[in-house]
Amino acid sequence: RFLILVSQNPQRFRAGSAKMRQTHPHTHGLFAAAVVITVASLTSSSKVMVTVDSEGRVQHQAASGGEAFMVRSDDFLSTSGGEGGSDFKVMTWNILADGLSDDGFVVPLKGNAEIKFPKENAWDTGLKSENPFKSLTAAEELSAASKELVTGSMGAFIADQENIKKVVYDKITKTIGSECDAARGLADGATLEINCCQSKDLMKAIGIKVAESADKKYDTSSSEFTSKDLKSALKKCLKAEKPVKEEEPAIRDITNEEKVAFTEKVMGIAKRNLPNVANAVKRLDQKWTLKIFGDALKETVEWGSTAADEESGDFKLSKEQEGKRGMRLVKKILEENPDILATQENDHYRFFQDQLGEKGYRTTKDGDDSKYTRAVGCGVDLEPGEDAIKKCSEDMTFARIAKITSNAKKFAKDKAVADNDGSCLFWKAERFSAKKIMKTYFGKVTEGGVVGALLADKKDEGKGKCIVAFATHLPSGNKVENEKERLDFVKAVSKWVEDEVSAASEESDCKSVGVVWMMDGNSYQDFENEKKGLKKGDNMYHAGIEKLLHLQNYEMADDNKDSSELFDADGRSDLPKVMASSVNKIRGVESVQLTKIGEYQLDRIDYIAVSKELQTSKVKLPAFDRSLPRNEEGSPYNQILPSYENPSDHLPVVSTIAWGSKSDSAAHSSIQALSKATLLLLLLLLSAPALLLLRP
């Protein structure tokens, strides 16, 4: 059933519409949708089409003198799923932790400024000669300044980040690995633990030295390594294994003399390989002027205040801070205007509590106006273990669960004023009332856990509808073992989730309970690697979210769906050739994590999964052809994240949720199709004032 109201008089229409909603509040439950249309004065040749929503608000209106045309959105005839309850909007967004944001992400230049580089340059010369490690010759030093400039692109710049990984960093990492293997052997035939002197740890120490040399044009000739610089590479060098005939290898502590001697060896490895990395970066800098991109990253991700600043009682935003990343994130959230919001990697929770609180959002139960501080919210330094779990999971004041000793705090420039990042929930106080806050940790506390809130819908006219909203963040990685770890995390919390939802159903005020699970899952929902023994049906989403939690993820809009054809690129053969993506990122040479430079990720890893009582609207995300060359105009490289406009390496995922199962909505789909056709026909024929009540 469908109700259409048409009126030529806008003022009369608005008054009549408001009166109808007051005198007939049952209309929304009786009809699949109530759509109201304002028609301006028309001649016999005029045509009009409007976009409206399910509560009768005109979203867009357009008319022409003689040409028929239509302006509409896919959801303008959305239904309530037959339950009569009001739809609500949810949003999930990994906002990119402040402590991780300046780690070398490649970002577009502000305003998509033109990129130019010397046609002849030392980087391209080094690639051609297959020796980009070599020091620049005097002629190469002068060549870039004397040659013509050509126009480049973000795609070409990013392609060179991949080149430096393949041609330089991967080779040096392999070399360091071999040198470490040799260095672990001790005089008596014993061997140091395999975790001692890892390539990635030495590469990070080298990366820090290269970054420090940027102001000296990457001259590292005077750079020296100390044991403190190599702490990560040396901290596990405590034990040695000595084979014993016909027995298990004996384990012994290493002596101080052995430790000193081994430290000298590791310093030598780092110092020998440092110039090779620095020379390659210097060549790349001659081509692209890396400072330009470094400055763009700083402007894109600079927050404007610290977590310590924000929890002080007299904190106020300055005019300068209004344009920093923190407020740009807040403004983007407010533009989407969700009723329920989940954020991941949030290490400025108090900032969001205050800024969103001014716009009517809560993150604590009704009547509790407690303000978050790091001292009460696990932002202080804690050793992972049972005591930390107890402290961080027992307090149910705030809808936030922190990662204990998170990388966001570990990598922060000033740890004393930084916070751990975590998953958080916010909701509109005018729409929902929080009856309960809940949280639990995964077995691995450094990876965080799940936070939930039982939200009673204030707009359900006493029907007792409640939502259990959850937010979480699973660990990253594209390997099969990473996917199995993610599935294990879902398994670890599945019983807890089931118990919390059951408890919500027993609440006297909750006659109907729906579940909304918002997550950075760090995994495509059809993740698969059959060569390594993992089929799609056994992955985190299908075996965990679907089978254990009984939740269903959103679908893509009809004009935004993935292609059925897969394409093997970037180490992934399970991803569609054309793919709607929530993540599109790569680290460049500004990162000190050299082993992560050039690792490109184009993926859809953010979830809004709901229980059978609910249904999500179809979601729109930018779709990219993964087979396109990197420097072509349509390449995803040219829309890389983060950007000034979207200051996170994830896009927000937004969906409107309605009460009612998919089977309920299927019954309405034929009504919708008929109603759309009837509405179009009605409007094209309309040439005189009318008030029509139509029920096809």
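FYI, the numbering just counts along the sequence from 1.
- Side-chain N/O atoms of Y600 and N584 include a donor and acceptor closer than 3.5 Å.
- Using a 30° and 60° split on the angle between ring planes, F352 and W303 fall in the perpendicular class, above 60°.
- Minimum heavy-atom separation, D354 to K371: OD1-NZ, 2.8 Å.
- Listed here is the closest heavy atom pair of M154 and V107: CE-O, 3.5 Å.
- The distance from atom OG1 of T343 to atom CG of L329, rounded to the nearest 0.5 Å, is 9.5 Å.
- A donor-acceptor contact shorter than 3.5 Å is absent between the side chain of S423 and the backbone of Q344.
- No donor-acceptor pair under 3.5 Å is formed between the side chain of D421 and the backbone N or O of N346.
- For the atom pair S505 OG and L454 CG, the distance stands at 9.0 Å (nearest 0.5 Å).
- Donor-acceptor pairing under 3.5 Å is lacking for the side chains of E311 and T373.
- Note that CG of L455 is 10.5 Å distant from NZ of K435, once rounded to the nearest 0.5 Å.
- The two residues L602 and R626 come nearest to each other via the heavy atoms CD2-CG, 3.5 Å.
- Ionic pairing of R572 and D603 is present here: one or more N-O contacts between side-chain nitrogen and carboxylate oxygen are shorter than 4.0 angstrom.
- The backbone N or O of V578 lies less than 3.5 Å from a partner atom in the side chain of S563, making a donor-acceptor pair.
- For the atom pair CD of E555 and CG of N560, the computed distance is 12.5 Å after rounding to the nearest 0.5 Å.
- Side-chain atoms of R325 do not come within 3.5 Å of backbone N or O of T300 as any donor-acceptor pair.
- No side-chain heavy atom of N522 sits under 4.5 Å from any side-chain heavy atom of P475.
- R328 contributes no side-chain N or O that, together with a main-chain N or O of N646, makes up a donor-acceptor pair within less than 3.5 Å.
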Query raised in the report: Between D366 and S433, is a side-chain hydrogen bond (donor to acceptor under 3.5 Å, both in side chains) present by the stated rule, with each step listed?
Result: CA-CA 6 Å; D366 289 8; S433 173; 2.8 Å; yes
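- Under the side chain to side chain donor-acceptor pair (under 3.5 Å) rule, D649 has a single partner from Q601, K585, R587, which is K585.
- Residue K359 places its NZ atom among 12 or fewer non-hydrogen atoms of other residues, nucleotides or ligands, all under 6.0 Å distant.
- Contact of the I333 side chain with the W93 side chain is registered, since non-hydrogen atoms from C-beta on lie closer than 4.5 Å.
- Exactly one of Y441, F489, F442, F470 qualifies for a ring-ring contact (aromatic ring centres under 6.0 Å, His included) with W496. That residue is F470.
- Contact of the K89 side chain with the V654 side chain is registered, since non-hydrogen atoms from C-beta on lie closer than 4.5 Å.
- Side-chain contact, N420 with S406: a donor N or O sits under 3.5 Å from an acceptor N or O.
- Heavy atoms only, all atoms of each residue included: A471 and L425 are closest at CB-CD2, 3.8 Å.
- Judged by distance alone, the side chain of K439 and the main-chain N or O of D395 form a donor-acceptor pair under 3.5 Å.
- You'll find the side chain of D520 stays beyond 4.5 Å of the side chain of V583, heavy atoms only.
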Query raised in the report: Should Y607 and Q525 be marked as a side-chain contact (heavy atoms from CB on, under 4.5 Å) after you check the CA-CA gap, both sets of side-chain angles, and the distance that decides it?
Result: CA-CA 9 Å; Y607 292 71; Q525 69 178 44; 3.6 Å; yes
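- Smallest separation of non-hydrogen atoms from A308 and R374: CB-NH2, 3.4 Å.
- A side-chain N or O of S523 and one of E483 form a donor-acceptor pair less than 3.5 Å apart.
- For R362 and D368, the salt-bridge test fails: no basic side-chain N is under 4.0 Å from an acidic carboxylate O.
- Scanning both residues, A557 and K620, for their nearest heavy atoms gives CB-CG, 3.6 Å.
- Using a cutoff of 4.0 Å between basic side-chain nitrogens and carboxylate oxygens, D457 and R431 are scored as salt-bridged.
- A heavy-atom distance below 4.5 Å is not found between the side chains of L96 and L641.
- To the nearest 0.5 Å, atoms CG (L621) and CG (L651) are separated by 6.5 Å.
- A donor-acceptor contact shorter than 3.5 Å links the side chain of R350 to the backbone of Y372.
- Proximity of N553 to I545: side-chain heavy atoms (C-beta onward) are nowhere separated by under 4.5 Å.
- Here the side chains of V90 and P338 are not in contact, with every heavy-atom distance at 4.5 Å or above.
- Between M518 and I340 there is a side-chain heavy-atom pair separated by less than 4.5 Å.
- Side-chain N or O atoms of K612 include none that pairs as donor or acceptor with a backbone N or O of Q552 at under 3.5 Å.
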**Report entry** Verdict with reasoning, D339 to W427, per side-chain contact (heavy atoms from CB on, under 4.5 Å)
**Finding:** CA-CA 6 Å; D339 296 299; W427 53 89; over 6 Å; no
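- In this structure, a donor-acceptor pair under 3.5 Å is present between the side chains of D309 and T306.
- Here the CG-CH2 distance, from L549 to W517, works out to 5.0 Å after rounding to the nearest 0.5 Å.
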Query - Residue pair V330, F351: steps toward the side-chain contact (heavy atoms from CB on, under 4.5 Å) verdict - result: CA-CA 9 Å; V330 168; F351 180 86; 3.7 Å; yes
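- A donor-acceptor pair shorter than 3.5 Å can be found between the side chains of E613 and S611.
- Checked for salt-bridge contact, R400 and D419 meet the test: a charged N lies under 4.0 Å from a carboxylate O.
- Proximity of a side-chain donor or acceptor of N638 to a complementary backbone N or O of G155 within less than 3.5 Å is detected.
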Requested in this report: Check the pair F88, K428 against side-chain contact (heavy atoms from CB on, under 4.5 Å), reporting the backbone distance first and the verdict last.
Outcome: CA-CA 10 Å; F88 57 94; K428 281 187 180 178; over 6 Å; no
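- Counting only distance, with no hydrogens or angles, the side chain of T472 and the backbone of M519 share no donor-acceptor pair below 3.5 Å.
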